[in-house]
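In what follows, a structure is listed as structure tokens, so that the remarks can point back to it.
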Amino acid sequence: MTNPKQARERTSERQTTNQESVEGDICPECQGQITQDSDRSETTCESCGLVFEENPVDRGPEWRAFTAEERDQKSRVGAPTTQLKHDKGLSTTIGWQDKDAYGQSISARKRSQLQRLRTWDERFRAKDAQERNLKQALGEINRMASALGLPKPVHETAGVLYRRAVEENLLPGRSIEGMSTASLYAAARQHGIPRRIIEFAEVSHVTEIRIQRAYRYLSRELNLEIEPEDPKRYLPQFASSLEVSDEAEQLSRELLEVATNNAVHSGKSPAGLAAAALYAATTLTNEKLTQKTVSNVAYVSRVTIRKRYQELLEVYSDHD
DNA sequence: GGGGTAAATACTTGCCT
DNA sequence: AGGCAAGTATTTACCCC
């Protein structure tokens, strides 16, 4: 059950790095060299790991041609297809202007003919309830993913999942919002960049519990076999939002390793563990970070952070 | 600020029907 | 299938230092 009070208190404060930067520049944080990784998905600082861009622009075709002949063979026309549009971006539209291909005005008769064509064009575009449903869901997915700062590949995966759900007829009786949110949540987990369900609840109109239910259903019906969350996956986002040192982030990683090896972690919420590890690490590195601050960005209560971080430090000092 | 606790609530698991 | 009970984890709301 989503507590309205809780939702009010937990206004999302996720920070994204919006600084503009180009490869070869100097990082404003640590003066390190900025580079792009091989698949061009991120522009990051080499030494401190600060991410500048996660959604790079399209840099052209993925093929290369060395002769004119090759170019003719390989080049294709049209926009790349995408899972983010209900028809994968392949449709054409009948223009709204009453002009022919040369820009000349056309006769009244032709105009009314065109109008009828447009009508049918529209009808076919969103052919039936399913297609329209898909259209709306993909729009939702897009919007939420942007709001949560999830990278493009996650949007795409969510689109695929939703499409599969529609094809397997999983929608009847469920809300579009719930299923699209669940798809996005599942996609984020598959990509190893999990977000708390409550964050999705904040950017959608669906309650936490409904998302949870929809996700379970989706995961079961599509046999997604998503692995249990790994607390370490939460570290990068938490660390970035809280602006802790690399040292502390590394330390919290170690704390989690030790905890996992000692099986102290089973049954505990991964996000809670990650938050606690980060807090514990900052106390060790003398960075002043309050439990409340951590609690706010991680969506974990102070009490949980306290309990977990004490356990973490205990096993760490024992088994080391 | 940190740290503690009780009661309420949520989630899981196992059992039963 | 679904309901129920028990056990555990988490949250909420107080408290003290």
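A note on names: the letters A, B, ... follow the listed sequences, proteins ahead of strands, and every chain is numbered from 1. Predicted, not measured: the structure shown is a model, and the values here were computed from it.
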Can you give me the N/O atom pairs linking the protein to nucleotides 15-17 of chain C at distances under 3.5 Å, or say none if there are none?
none

Among all residues two or more places apart in sequence or in another chain, which pass the side chain to side chain contact (heavy atoms under 4.5 Å, CB included) test with [X]?
X	result
A:Thr293	A:Leu242, A:Thr290
A:Val203	A:Met144, A:Ala147, A:Leu148
A:Asn261	none
A:Gln136	A:Ile176

Range-with-range stems for DNA chain C, at least three Watson-Crick or G-U pairs under 3.5 Å: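 Detected stem regions: B:1-16 with C:2-17.
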Among residues 285-294 of chain A, which contact DNA chain B at a heavy-atom distance under 4.0 Å?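 The answer is A:Leu289, A:Thr290, A:Gln291.
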Compile the donor-acceptor pairs under 3.5 Å between side chains in residues 209-221 of chain A and protein atoms, sequence neighbours left out, one pair per line.
residue  : atom : partner  : partner atom : Å
A:Tyr217 : OH   : A:Leu170 : O            : 3.4

In this structure, how many angstroms lie between the C1' atom of C:dT11 and the CD1 atom of A:Ile305, rounded?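 Those two atoms, CD1 and C1', are 12 Å apart.
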Determine, stepwise, if the pair A:Glu140 / A:Arg143 fulfils salt bridge (Lys or Arg N to Asp or Glu O under 4.0 Å). CA-CA 5 Å; A:Glu140 277 300 305; A:Arg143 185 184 60 75; 2.8 Å; yes
Does the side chain of A:Ser183 come under 3.5 Å of the side chain of A:Ser180 through a donor N or O and an acceptor N or O?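 Side-chain D/A pair, A:Ser183 to A:Ser180: absent.
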Between side-chain atoms of residues 223-230 of chain A and protein atoms elsewhere (two or more places apart, or another chain), which donor-acceptor pairs fall under 3.5 Å?
residue  : atom : partner  : partner atom : Å
A:Glu229 : OE2  : A:Tyr234 : OH           : 2.3
A:Asp230 : OD1  : A:Lys232 : N            : 3.0

What residues, two or more places apart in sequence or in another chain, satisfy salt bridge (charged side-chain N to carboxylate O under 4.0 Å, His left out) together with A:Glu249?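 If we apply the salt bridge (charged side-chain N to carboxylate O under 4.0 Å, His left out) test to A:Glu249, skipping adjacent residues, the hits are A:Arg253.
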Can you name the salt bridge (charged side-chain N to carboxylate O under 4.0 Å, His left out) partners of A:Glu156, sequence neighbours left out?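 Result, salt bridge (charged side-chain N to carboxylate O under 4.0 Å, His left out) vs A:Glu156: none returned.
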Given that A:Arg306 and A:Arg216 both sit by DNA chain B, which one's nearest nucleotide is further toward the 5' end?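 That would be A:Arg306.
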Please list each protein N or O that sits under 3.5 Å from an N or O in nucleotides 1-10 of chain C, with the distance.
residue : atom : partner  : partner atom : Å
C:dA9   : OP1  : A:Lys268 : NZ           : 3.4
C:dT10  : OP1  : A:Ser269 : N            : 2.6
C:dT10  : OP1  : A:Ser269 : OG           : 3.4
C:dT10  : OP2  : A:Arg308 : NH1          : 2.1

